[in-house]
Q: 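Pasting a structure here, questions to come.
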Amino acid sequence: MAESETRPYSGAPVEEQEFKDRNVVFCNHPLIQHKISLLRDENTGTNEFRKLVEEIARLEGYEALRDLPLEERRVKTPIAETFTPFIAGKKLCLVPILRAGLGMVEGLLSLVPTAKVGFIGMYRDETTHIPHEYYCKIPSPIEQRTIVVLDPMLATGGSACDAIEDIKKRGGVHIKFLCIIAAPEGLRKVTQAHPDVTVYVGHLDHQLNEKAYIVPGLGDAGDRIYGTK
Ligand code: PRP
Ligand code: URA
């Protein structure tokens, strides 16, 4: 990028203020912000895009799993016996929203390789922007598990709300939602409909356009991950 095209960092987006009393965590780490900027660039090709989505998911996942419960177990080191902390409770369950959420799964699995993985298939109608669910397979029983729903884009919030609703109907209780870019419209909708769900956001953008795409966003996440356009 030419020097004339740079400017000092202006800080976290002002749009975040609206959500300061909501159940939202903005993942403002510089590494996440840098990688999201690379994702946005229209010249970033499929291979690099896919790797970046995985890396950002790993970094956000590290933040989202900060409150996993621990229990102490006895371990014998070469020096002495001691009680030492391990992750406790039922195994984690990841639920990517197909297609684009699939690109985030490996990032989380690199942190918790034993996690179970469920799937929810959704697509947005291009005219109405209303989501349609076409597939759902979630590990059962789910009640005791921490469930992390994955989708890089939170636009109108319709897909996220429907996916969370479906998981709750199937018994899910401890739910987190992880996205890379959110629009204020979508974040408003999810936090109002599901105040019990903590939403982790990589970057909060300005708005949606008339086609319900996030501005400035990164375009169609599914197409860019899988090279379908
Ligand atoms: C995208 C994205 C989300 C949804 C967000 O999926 O991955 O699932 O749109 O939009 P919303 O917040 O307005 O519901 P899309 O429907 O393009 O399907 P794809 O992942 O198969 O490309
Ligand atoms: N889905 C995407 O992939 N991108 C957007 O900007 C909105 C919905």
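Indexing begins at 1, ligand by ligand and atom by atom, following the structure's order. Every heavy atom of this structure was used, including side-chain atoms; hydrogens, water molecules and symmetry mates were not.
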Q: Just distances here: any N/O of Gly157 and N/O of ligand 1 closer than 3.5 Å?
A: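 Right, the criterion is met.
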Q: Find out if a path of hydrophobic residues (ILVMFWY) with successive side-chain heavy-atom gaps under 4.5 Å connects Leu59 to Leu68.
A: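 Looking at the clustering, Leu68 is in the same group as Leu59.
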Q: For the pair Lys76 and Glu81, find out whether any cationic side-chain nitrogen is under 4.0 Å from an anionic carboxylate oxygen.
A: no
Q: Which residue owns the protein heavy atom closest to atom 4 (N) of ligand 2, what's the atom, and how far is it?
A: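 Answer, as residue, atom name and distance: Gly219 O, 2.8 Å.
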Q: In ligand 2, which numbered atoms sit nearer than 4.0 Å to a non-hydrogen atom of Ala212?
A: 7 (C)
Q: With a 4.5 Å heavy-atom cut-off, do Leu218 and Met153 have their side chains touching?
A: yes
Q: Any atoms of ligand 2 less than 4.0 Å from a non-hydrogen atom of Ile214? List them with their elements.
A: 5 (C), 6 (O)
Q: Using a strict threshold of under 4.0 Å (side-chain N to carboxylate O), is an ion pair present between Arg50 and Glu48?
A: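 Result for this pair is no, no salt bridge flagged.
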Q: What protein heavy atom sits nearest atom 4 (C) of ligand 1, and how far off is it?
A: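 Heavy-atom neighbour on the protein nearest atom 4 (C) of ligand 1: Ser159 OG, 3.5 Å.
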Q: Does ligand 1 have any atom that is closer than 4.0 Å to a heavy atom of His129?
A: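 It does not; every heavy atom stays at 4.0 Å or beyond.
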Q: I'd like to know whether Asp151 forms a salt bridge (charged side-chain N to carboxylate O under 4.0 Å, His left out) with Arg99, so could you lay out the CA-CA distance, the side-chain angles of the two residues, the decisive distance to 0.1 Å, and finally the verdict.
A: CA-CA 9 Å; Asp151 194 330; Arg99 283 177 303 168; over 6 Å; no
Q: With a 4.0 Å cut-off on N to O distance, would you call Asp220 and Lys211 a salt bridge?
A: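 Salt bridge flag = no for Lys211 with Asp220.
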Q: Can an N or O of Ala155 be found at a distance shorter than 3.5 Å from an N or O of ligand 1?
A: yes
Q: Could you tell me whether Lys168 and Asp196 have a side-chain N and a carboxylate O separated by less than 4.0 Å?
A: yes
Q: Heavy atoms only: which of Met122, Arg99, Met153, Arg224 is nearest to atom 22 (O) of ligand 1?
A: Arg99
Q: Of all the non-hydrogen atoms in the protein, which one sits nearest to atom 5 (C) of ligand 2, and at what distance?
A: Tyr213 CD2, 3.4 Å
Q: Note the single closest protein heavy atom to atom 13 (O) of ligand 1, along with its residue, its atom name and the distance in Å.
A: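 Going atom by atom, the protein heavy atom closest to atom 13 (O) of ligand 1 ends up being Thr156 OG1, 2.5 Å.
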Q: How close does the nearest protein non-hydrogen atom get to atom 7 (O) of ligand 1, and which residue and atom is it?
A: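 Of every protein heavy atom, Asp151 OD1, 2.9 Å lies nearest to atom 7 (O) of ligand 1.
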Q: Report the nearest protein non-hydrogen atom to atom 17 (O) of ligand 1: residue, atom name, distance rounded to 0.1 Å.
A: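 For atom 17 (O) of ligand 1, the nearest protein heavy atom is Asp220 OD2, 3.9 Å.
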Q: Can you hop from Ile180 to Val24 via hydrophobic side chains spaced under 4.5 Å?
A: no
Q: Which of the numbered atoms in ligand 2 are below 4.0 angstrom from a heavy atom of Ala221?
A: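 Matching atoms, with element in brackets: 2 (C), 3 (O).
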Q: Under a heavy-atom criterion of less than 4.0 Å, does Ala221 contact ligand 1?
A: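 For ligand 1, residue contact (heavy atoms, under 4.0 Å) with Ala221 is absent.
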Q: May I ask you to identify the nearest protein heavy atom to atom 10 (O) of ligand 1, giving residue, atom name and distance to one decimal place in Å?
A: Arg124 CD, 3.2 Å
Q: Does any donor atom in the side chain of Thr44 or Arg224 lie under 3.5 Å from an acceptor atom in the other side chain?
A: no
Q: Start with the C-alpha gap between Arg73 and Glu71, add the side-chain angles, then the distance that decides, and say whether salt bridge (charged side-chain N to carboxylate O under 4.0 Å, His left out) holds.
A: CA-CA 7 Å; Arg73 293 187 213 149; Glu71 68 183 6; 3.1 Å; yes
Q: Atom 1 (N) of ligand 2: which protein heavy atom is closest, and how many Å away?
A: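 The closest heavy atom on the protein side is Met153 CB, 4.0 Å.
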Q: Number the atoms of ligand 1 from 1 as they appear, then name those within less than 4.0 Å of a heavy atom of Tyr123, with their elements.
A: 16 (O)
Q: With a 4.0 Å cut-off, would you call Glu63 and Arg66 a salt bridge?
A: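 Looking at Arg66 together with Glu63, the answer is yes, because their closest N to O distance falls below 4.0 Å.
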Q: Do Glu54 and Arg58 meet the salt-bridge criterion of a basic N to acidic O distance under 4.0 Å?
A: yes
Q: Provide the number and element of each atom of ligand 2 under 4.0 Å from a heavy atom of Arg124.
A: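 Heavy-atom distances to Arg124 below 4.0 Å select 7 (C), 8 (C).
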Q: Short list, please: which atoms of ligand 2 are under 4.0 Å from a heavy atom of Ala155?
A: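 Ligand 2 atoms under the 4.0 Å threshold to Ala155: 7 (C), 8 (C).
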